[in-house]
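Below: one structure, written as structure tokens.
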Amino acid sequence: MQNFNYSIPTKIYFGKGQIKKLANVSRYGNKALLVYGGGSIKGNGIYDKAAAVLRESGVSFFELSGVDPNPRIETVALGAALCREKEIDAVIAIGGGSTIDCAKMIAAAAKYEGEPWDLVLDGGKIKEALPIVCVLTLAATGSEMDGFAVISDMDKNDKLDTASELIKPAFSILDPKFTYSVSKKQTAAGTADIMSHVFEVYFTREKDAYLQARMCEAVLKTCIKYGPVAMEQPDDYEARANLMWASSLAINGLLSYGSDVPWCVHPMEHELSAFYDITHGDGLAILTPVWMEYVLSEDTLDKFVEFGVNVWGIDREKEPMEIAKMAIDRTRTFFDQLGLPKTLADVGIDDKNLAKMAEKLDGLFTDTYVPLTGSQILEIYRRAL
């Protein structure tokens with residue numbers, strides 16, 4: 001097991017009625033910036049509940065709405081300028097990962113004199129940030145409990161992730177009931193995103209990370225059990241609660257401490273979103289089984305057998321290669337059962353920009369679970385067509 005430093009400083013308020021804890025924002029000052037997306041929080045009542053708590057606690061708030069599913073750097077710049085103009089004390093994100101990521105970068109850019117995109121290119125330039133608070137409305141990215149943010153510059157076809165300990169939320173409110181109104185499509189995409197986060201750390205070259213692997217398998221099995229339930233019974237509290245907590249655990253560091261490996265499928269999907277602005281979870285569901293098939297070999301066979309037996313319950317008495325292939329097939333079938341797209345063509349992507357995408361990633365996957373060159377990445381994209 002690798003050396004690691006354990007730090008998950010975000011306080012979590014989980015469960016029914018925890019929106020009342022939003023009053024704790026007053027600890028940071030009496031002015032907040034409320035960041036949200038298309039306005040669904042006004043239709044489902046979450047906005048009114050949050051606003052009432054803030055007013056009762058003496059916190060005045062300004063609003064930045066319209067955050068895109070793949071948040072834009074222009075929105076970050078707008079929010080940062082608003083923070084400086086209004087002398088904002090804290091940034092509150094109400095929404096899913098895109099809104100939270102945008103809020104994180106607004107909080108950092110508000111304390112930075114240069115261009116906000118500098119902070120996306122190099123998280124080390126983040127030296128200070130406003131306190132960040134999250135009210136989660138979609139179980140997917142885990143951004144409510146980590147120090148990562150993914151921001152897009154669509155003019156450059158760039159979708160990049162950045163990281164800093166300083167953009168980990170101060171506290172996050174996780175009320176599973178706030179996800180009841182999430183559509184089937186977004187529930188499915190969110191489930192795929194959670195599972196992909198786990199796959200990125202489960203498939204590691206660290207041979208003896210036994211504990212981490214068993215925790216990964218538990219989260220994967222939770223998604224497999226409760227993803228379909230949440231889709232068919234959107235107000236099933238236990239299904240929503242399990243998915244919501246799985247989302248946080250998948251990427252807060254707990255599963256990867258001691259067995260970290262650079263991620264592979266996520267950066268590949270970021271290129272798809274940067275060029276075509278597709279739903280992140282859709283892209284992950286398309287690429288993941290293809291990547292699995294591509295990296296399966298005698299060298300990786302044992303891990304795929306472990307995956308097949310422990311996650312999918314495949315008979316361990318079968319031939320190892322048969323188990324591995326069955327595990328990949330069941331992963332693809334599960335995503336299909338959730339109604340997720342199977343191919344890049346299904347989301348309107350052809351081979352026009354695939355070479356450009358692969359070229360941008362060339363040289364970045366030298367230390368991933370299975371190292372990949374640009375030409376190999378291109379082959380995975382083509383197989384996904």
Side-chain angles (χ1 to χ4, degrees), residues 4-12 25 27-29 31-36 62 64 67-68 70-136 141-156 158-172 197 200 248 251-254 256-257 260 262-263 266-267 270 273-274 280 364:
F4 62 88
N5 297 324
Y6 178 98
S7 177
I8 308 177
T10 302
K11 185 181 288 293
I12 296 293
V25 170
R27 297 174 181 175
Y28 310 118
K31 289 184 181 180
L33 178 66
L34 201 60
V35 182
Y36 56 96
F62 302 86
L64 178 66
V67 176
D68 293 295
N70 290 307
R72 312 296 203 253
I73 191 62
E74 293 86 356
T75 310
V76 172
L78 183 62
L82 191 57
C83 285
R84 289 190 287 266
E85 176 190 346
K86 303 297 183 182
E87 298 182 331
I88 296 296
D89 299 306
V91 181
I92 303 171
I94 304 182
S98 295
T99 297
I100 297 171
D101 283 3
C102 189
K104 286 177 176 179
M105 295 312 297
I106 287 172
K111 294 290 188 177
Y112 181 69
E113 293 184 359
E115 292 295 323
W117 190 247
D118 295 346
L119 307 181
V120 179
L121 295 175
D122 182 4
K125 290 185 176 180
I126 300 175
K127 304 299 182 184
E128 190 178 2
L130 292 170
I132 302 152
V133 172
C134 305
V135 179
L136 187 65
T141 71
S143 194
E144 67 276 1
M145 205 177 177
D146 68 27
F148 301 99
V150 181
I151 303 295
S152 297
D153 185 335
M154 301 307 290
D155 291 337
K156 301 175 182 175
D158 280 340
K159 180 179 178 180
L160 304 177
D161 62 281
T162 190
S164 171
E165 290 292 311
L166 297 173
I167 59 173
K168 286 185 175 179
F171 68 88
S172 292
H197 290 159
E200 298 280 18
S248 299
I251 196 173
N252 70 358
L254 190 64
S256 59
Y257 285 133
D260 234 346
W263 289 17
H266 264 72
H270 287 169
S273 294
H280 182 51
L364 300 182

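Along the sequence shown, residues are numbered consecutively beginning with 1.
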(message) Closer than 4.0 angstrom, basic N to acidic O: yes or no for D122 and K125?
(response)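 Between K125 and D122 there is no salt bridge, as every charged N stays at least 4.0 Å from the carboxylate O atoms.
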Any sub-3.5 Å donor-acceptor pair from [X]'s side-chain atoms to [Y]'s backbone N or O?
X    : Y    : answer
S164 : L166 : yes
K104 : I132 : no
D101 : V150 : yes

Can you give me the closest heavy-atom contact between [X] and [Y], atom names plus distance?
X    : Y    : answer
T162 : L119 : OG1-O, 2.8 Å
G79  : L64  : CA-CD2, 3.6 Å
I88  : L33  : CG2-N, 3.6 Å
S248 : E144 : OG-OE2, 2.6 Å
A110 : A80  : N-CB, 3.7 Å
E74  : D155 : OE2-OD2, 4.0 Å

(request) Over 60° means perpendicular and under 30° means parallel, so classify the ring planes of H266 and H280, tilted if in between. (result)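 Plane angle over 60°, so perpendicular.
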Return the [atom1] to [atom2] distance between [X] and [Y], rounded to the nearest 0.5 Å.
X    : Y    : atom1 : atom2 : result
N70  : C102 : CG    : SG    : 11.5 Å
L364 : W263 : CG    : CH2   : 16.0 Å
I8   : T10  : CD1   : OG1   : 8.5 Å
I94  : L34  : CD1   : CG    : 4.0 Å
Y36  : T99  : OH    : OG1   : 10.5 Å
E165 : D146 : CD    : CG    : 10.0 Å

(message) Run I251 and T141 through side chain to side chain contact (heavy atoms under 4.5 Å, CB included) and show every step you take.
(response) CA-CA 8 Å; I251 196 173; T141 71; over 6 Å; no
(request) Scan residues 106-118 for pairs that pass side-chain hydrogen bond (donor to acceptor under 3.5 Å, both in side chains), counting only residues two or more places apart or in two chains. (result) Y112-D118
(request) With sequence neighbours left out, write down each residue that passes side-chain hydrogen bond (donor to acceptor under 3.5 Å, both in side chains) with H270, or none if nothing qualifies. (result) none
(request) For the residue pair I126 and I167, establish whether any side-chain heavy-atom pair is separated by less than 4.5 Å. (result)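 A side-chain contact exists here, since the closest heavy-atom pair is under 4.5 Å.
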(message) Side chains of V91 and C83, heavy atoms from C-beta outward: is any pair under 4.5 Å?
(response) yes
(request) Determine whether more than 12 heavy atoms belonging to other residues, nucleotides or ligands lie under 6.0 Å from atom CZ of R27. (result)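 Incorrect, the count does not exceed 12.
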